[in-house]
Amino acid sequence: MPVAITISSHHLHCHKLTHHLSASLVAIKRTMVTATSSSSSNSGAYTAIKETVTFEREIKKSKFIAIAGPISDEQSAFSFLSQVRDPRATHNCWAYKVGDQFRSNDDGEPSGTAGKPIQSAIDSSGIDRVMVVVIRYFGGIKLGTGGLVRAYGGVASECLRNASTCLVKSKVPMGVEVPFSLIGVLHHQLQSFQVENIRQDYETGKDGIAMISFKVDFDQVEKLEDAIKANCSRELVFYKR
């Protein structure tokens, strides 16, 4: 069974005010209203592999080694590729997925016989933010188009099947203005929901009012709002994406 863990997908910036209106509040509102996710997985939860995993198989004297690893974006994908590829191998074929973004490469194999089958294996696995590199050491026997597709797709599928996975939850940046007298009560509620990145800004331009910003699991937003309103004040206004 996948194990639920949480990560933070975005950063919330609060700037101190030197004018009558709160620059921090304006910045928080603007960020929360206009920012968008770079991929669909950022808006909820997705399945990821916990660590790098390897699977090896010999097919008609050619050695195929599939290596899968977690990535966060295109830059980390190519960094992973540079770490695991073997320049001495005949081919280093690969594919990766980050949200809705797919890329693949046949690295000298006939078009569509390596990168695409690896990509299909990733898609079928249901795993996101992952890269699979399949290294081939040619053994002297040609596999043909169908044989290559089965070989690359097969070792990639087995590699991902052997991987330990986890459920990754994204976090939603939020902010709320509260009277100084309620900050202690608010912090107690925030801690009970295990929020992250709690920040306080007392220079809101409003007497006795502080802006508290934090990040919470996407599926706990409504419950947290209800708990804070019930224990602090129903007049509080929340700012979030």
Engineer: Using the rule that Ile, Leu, Val, Met, Phe, Trp and Tyr join whenever any side-chain heavy atoms are under 4.5 Å apart, tell me whether I122 and I127 fall into a single cluster.
Structural biologist: yes
Engineer: How would you list, by chain and number, every residue that makes a side-chain contact (heavy atoms from CB on, under 4.5 Å) with E74, sequence neighbours excluded?
Structural biologist: F78, Y96, Q101, R103
Engineer: Checking the side chain of S192 only, and the main-chain atoms of Q189 only, is there a donor and an acceptor separated by less than 3.5 Å?
Structural biologist: yes
Engineer: So which heavy atom on G153 is nearest to which on A121, and how close?
Structural biologist: O-CB, 3.9 Å
Engineer: Using side-chain heavy atoms (C-beta onward) and a distance below 4.5 Å, is L143 in contact with R136?
Structural biologist: yes
Engineer: Under 3.5 Å, sequence neighbours excluded: what are the donor-acceptor pairs made by side chains of residues 227-234?
Structural biologist:
unit_1	atom_1	unit_2	atom_2	d
N231	ND2	A227	O	2.7
S233	OG	E235	N	3.1

Engineer: Is there a side-chain contact between V133 and C93 (heavy atoms, below 4.5 Å)?
Structural biologist: no
Engineer: Can you tell whether the side chains of K169 and D219 come within less than 4.0 Å, N to carboxylate O?
Structural biologist: yes
Engineer: Would you say that K171 contacts D217 through its side chain, given a criterion of any heavy-atom pair below 4.5 Å between the two side chains?
Structural biologist: yes
Engineer: Ignoring hydrogens and geometry, is there a side-chain-to-backbone donor-acceptor pair from D128 to G99 under 3.5 Å?
Structural biologist: yes
Engineer: So does W94 get a backbone contact from the side chain of N105, meaning a donor-acceptor N/O pair under 3.5 Å?
Structural biologist: no
Engineer: Not counting sequence neighbours, which residues clear ring pair (Phe, Tyr, Trp, His ring centres under 6.0 Å) with F180? List them please.
Structural biologist: Y202
Engineer: Quick one: CD on Q220 to CZ on F193, what's the gap to the nearest 0.5 Å?
Structural biologist: 6.0 Å
Engineer: What is the minimum heavy-atom distance between T90 and F138, and which atoms define it?
Structural biologist: OG1-N, 2.9 Å
Engineer: Can you measure from NZ (K97) to CZ (R129) and round to the nearest 0.5 angstrom?
Structural biologist: 9.5 Å
Engineer: Linking I/L/V/M/F/W/Y whenever any side-chain heavy atoms sit under 4.5 Å apart, do V195 and V178 land together?
Structural biologist: yes
Engineer: Nearest 0.5 Å, what's the CD-SG distance between E51 and C166?
Structural biologist: 10.0 Å
Engineer: Which atoms form the tightest heavy-atom contact between P110 and L148, and what is the distance?
Structural biologist: CD-CD1, 3.7 Å
Engineer: Would you call L190 and L224 a side-chain contact if the rule is heavy atoms closer than 4.5 Å?
Structural biologist: yes
Engineer: Just by modelled atom types, is the G139 backbone N or O under 3.5 Å from a matching donor or acceptor in the S62 side chain?
Structural biologist: yes
Engineer: Return the CG to NZ distance between D106 and K116, rounded to the nearest 0.5 Å.
Structural biologist: 8.5 Å
Engineer: Within the distance-only criterion (no hydrogens, no angle test), does the side chain of D107 pair as donor or acceptor with the backbone N or O of H91 below 3.5 angstrom?
Structural biologist: no
Engineer: I'd like to know if the side chain of T165 and the backbone of A48 have a donor-acceptor N/O pair within less than 3.5 Å.
Structural biologist: no
Engineer: I need the minimum non-hydrogen distance between A68 and F80, along with the two atoms involved.
Structural biologist: C-CZ, 3.8 Å
Engineer: Tell me whether N162 contacts the main-chain N or O of E158 through its side chain, where contact means a donor paired with an acceptor under 3.5 Å.
Structural biologist: yes
Engineer: Do S125 side-chain atoms and L160 backbone N/O form a donor-acceptor pair below 3.5 Å?
Structural biologist: no
Engineer: Kindly give the heavy-atom pair with the smallest separation between L167 and A45, and that separation in Å.
Structural biologist: CD1-CB, 4.0 Å
Engineer: Can you tell me how far CD1 of I198 sits from CG of L186, rounded to the nearest 0.5 angstrom?
Structural biologist: 8.0 Å
Engineer: Return the CD1 to CD distance between I212 and E177, rounded to the nearest 0.5 Å.
Structural biologist: 10.0 Å
Engineer: Ignoring hydrogens, what is the shortest heavy-atom contact between V134 and A156? Give both atom names and the distance.
Structural biologist: CG2-CB, 4.4 Å
Engineer: Is there a chain of hydrophobic side chains (I, L, V, M, F, W, Y, each step under 4.5 Å between heavy atoms) that links I71 to I118?
Structural biologist: no
Engineer: Looking at S72, is its backbone amide N or carbonyl O close enough to the side chain of S76 to form a donor-acceptor pair, meaning the two atoms are under 3.5 Å apart?
Structural biologist: yes
Engineer: Does V216 belong to the same Ile/Leu/Val/Met/Phe/Trp/Tyr cluster as F218, with side-chain heavy atoms less than 4.5 Å apart forming each link?
Structural biologist: yes
Engineer: Transitively linked via ILVMFWY side-chain contacts under 4.5 Å: F64 with L81?
Structural biologist: no
Engineer: I'd like to check V84 versus M131 (side-chain heavy atoms, cut-off strictly below 4.5 Å). Are they in contact?
Structural biologist: no
